[in-house]
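In what follows, a single structure is set out as structure tokens and then discussed.
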Amino acid sequence: MKIIVCIKQVPDTNEVKIDPVKGTLIREGVPSILNPDDKSALEEALRVKDQDPDTHITVLTMGPPQAEEVLIEGIAMGADEGILLSDRAFSGADTWATSNTIAKAIERIGEYDIIFCGRQAIDGDTAQVGPQIGERLGIPQVSYVEKFFLEEGSIRVHRALEDGYEVIEGTSPILLTTIKELNEPRYPSIPGIIKAYREDRIKVWTYNELDIPSTDIGLDGSPTQVKRSFTPEPKGKGEMLEGSIDDKVNSLVKKLQEKNLI
Amino acid sequence: MIQKTFTRFTKNEVEPIAAEVDEMERFPKETVEKMQRFGMMGIAIPQEYGGAGADELSYAMAVEELSKACATTGVILSAHSSLGCWPILKFGTEAQKKKYLIPLAKGEKLGAFGLTEPNAGTDAAGQQTMAVLEGDQYRINGTKIFITNGGEADTYIIFGMTEPAKGLKGISAFIVESDTPGFTIGKKERKLGIKGSATTELVFKNMMIPKENLLGKEGQGFKIAMQTLDGGRIGIAAQALGIAEGAMEKTVQYVKEREQFNRPIGKFQGLQFMMADMETQIQAAKLLVYQAAVAKAEGRPYGKLAAMAKLFASETAMDVTTKAVQLHGGYGYTADYPIERMMRDAKITEIYEGTSEVQKMVVAADILR
């Protein structure tokens, strides 16, 4: 079985602060991590490999040269090889241009049975790239996968809904986007980290390696333009009402009246 | 990435149970199993012998990170790696490495080291454990005390006199498995700190071990012990460093949150100066520890560097944790906060694998050579 896992390096949003004046993210000094949903996607692929060691897993990412780190992490966790799509021509891409580029890279990889993508990246939160890749490749896709079963000749998944789940069956090739409820990702093993750094298992593909017009990628291929970014006003500080129940109810009613809410 | 991974492992797997491990004086077996799965039990052992093939610096960082949250877990790894695995890697025959080192480095087995006796502490030459060759077996009789990982380990490196008349040159080292007839675990110590770490007596009564379990040559035991402890000190120095860093992290958080006189206590300059000193000591200790680890990784002499690292890092750990308790005030003295545990744990780093005074002897001997 051949599996491709699409992953992304993202700033650790738990550590990101917003510049109060400019309204932009302060990215300096913020550590980069492997996007959490993508980690679940990779874990599920690794579980397939645990069952069938002949499984070959490729981790694929697009980003600047330092995005190689997440490929190393993926290989340290157990993936077989990594492909980094990195070129100035790819930069400034929105989800449209990104999925164009990644889909082309997957066509170049050629054979695959399953493509796992994380549901969404914690920096953009769009959840668009996975489904768009599936569309461009013309293969079936299921999003929000919370359970995955590989059965003889078919793939069965539970797709999370707000109040339950759907059971969906499909055949490969298929693209699945995964949510963190799917599994508990393993740690990269220490021997795995050492191997990942020492052995050259990462290929870098640039614009020249992909058969794609320059108008479909990067900033030129991106219909989305960011017009303005702003920081929402922080909510006022909460107030705890003190005293007996009667006191609290009275003061609550008074406050609601003051604000013309009742 | 290695360090980040250790940090994540410590936060998720070690920190949540650290207080309970201390309170119950419980050996955290489950953490050892997790470290095994994660390939942490043979960090600096080459991959051909079942290890991860990383270097001494990665190993020191592992002990450091673990000890930030739980010094017990730190010393389990340190004793296993530096004292249990390393002597076999360095002095073992190919057959010994295959049979004993591989399962240790993979973490399938846990290692320990038995040198200290009731009458042979710093003066290791006072060994009363006797090893007498009878045909193709050694008969070993004696008692070891204060053995870290005692009772939990499967493979022990132990020392005994093969030729008492020769003093230091009459000591030999052996590899002993825990299920050897005549080998029993004696008293389990109750301690001030690192309470989850198993510290026990080992009793050998007419224990027969095959001749091929001799480590190195007869009479090389003292040399093996001293070289092993030189390296072990890097592990303990890293443990001390981790304890100090863990206490510092908690203290920084605390002084920002704790308010007195309508402001966080971290705003008071008297306390700020104290914390500036603590942080400076920690960074100095870190450089010494990493320096020793890098020297060992690069195959340069590291005896003096390791002694200085252990001396300075352990005294830093004691000083920083004591001040951290002070900065936490009354809360710091209670078991609701981890600080008092860190202070209790710190003390041992000034004592085991050579007291601070011994480290000074090592450093002085080196510079006055």
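In the text below, chain A, chain B and the rest are named by the order of the sequence lines, each starting its count at 1.
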R88(A) CZ: over 12 foreign heavy atoms closer than 6.0 Å: no

Nearest-0.5 Å distance, CD1 of residue I193(A) to CD1 of residue I2(B): 5.0 Å

Contact leader toward chain A among K4(B), Q47(B), R37(B), where contacts are heavy-atom pairs under 4.5 Å: Q47(B)

Smallest separation among heavy atoms of P188(A) and F38(B), with atom names: O-CE1, 2.8 Å

Interatomic spacing from NZ in K34(B) to OH in Y187(A) - rounded to 0.5 Å: 7.5 Å

Within 6.0 angstrom of Y165(A) OH, more than 12 heavy atoms from elsewhere: no

Residues, nucleotides or ligands: over 12 heavy atoms within 6.0 Å of K147(A) NZ: no

Atom OH of Y197(A): over 12 foreign heavy atoms under 6.0 Å: yes

Atom group of R186(A) that falls short of 4.5 Å from chain B, counting heavy atoms: backbone

Residue E184(A) excluded, over 12 heavy atoms near CD under 6.0 Å: no

Closest heavy-atom pair and its distance - A52(B), P191(A): CB-N, 3.6 Å

Within 6.0 angstrom of E151(A) CD, more than 12 heavy atoms from elsewhere: yes

Distance-minimising heavy-atom pair for E69(A) and M1(B): O-CE, 3.5 Å

Nearest-0.5 Å distance, CD1 of residue I194(A) to OG of residue S58(B): 5.0 Å

Chain B contact via I72(A) - side chain, backbone, both or neither, heavy atoms under 4.5 Å: both

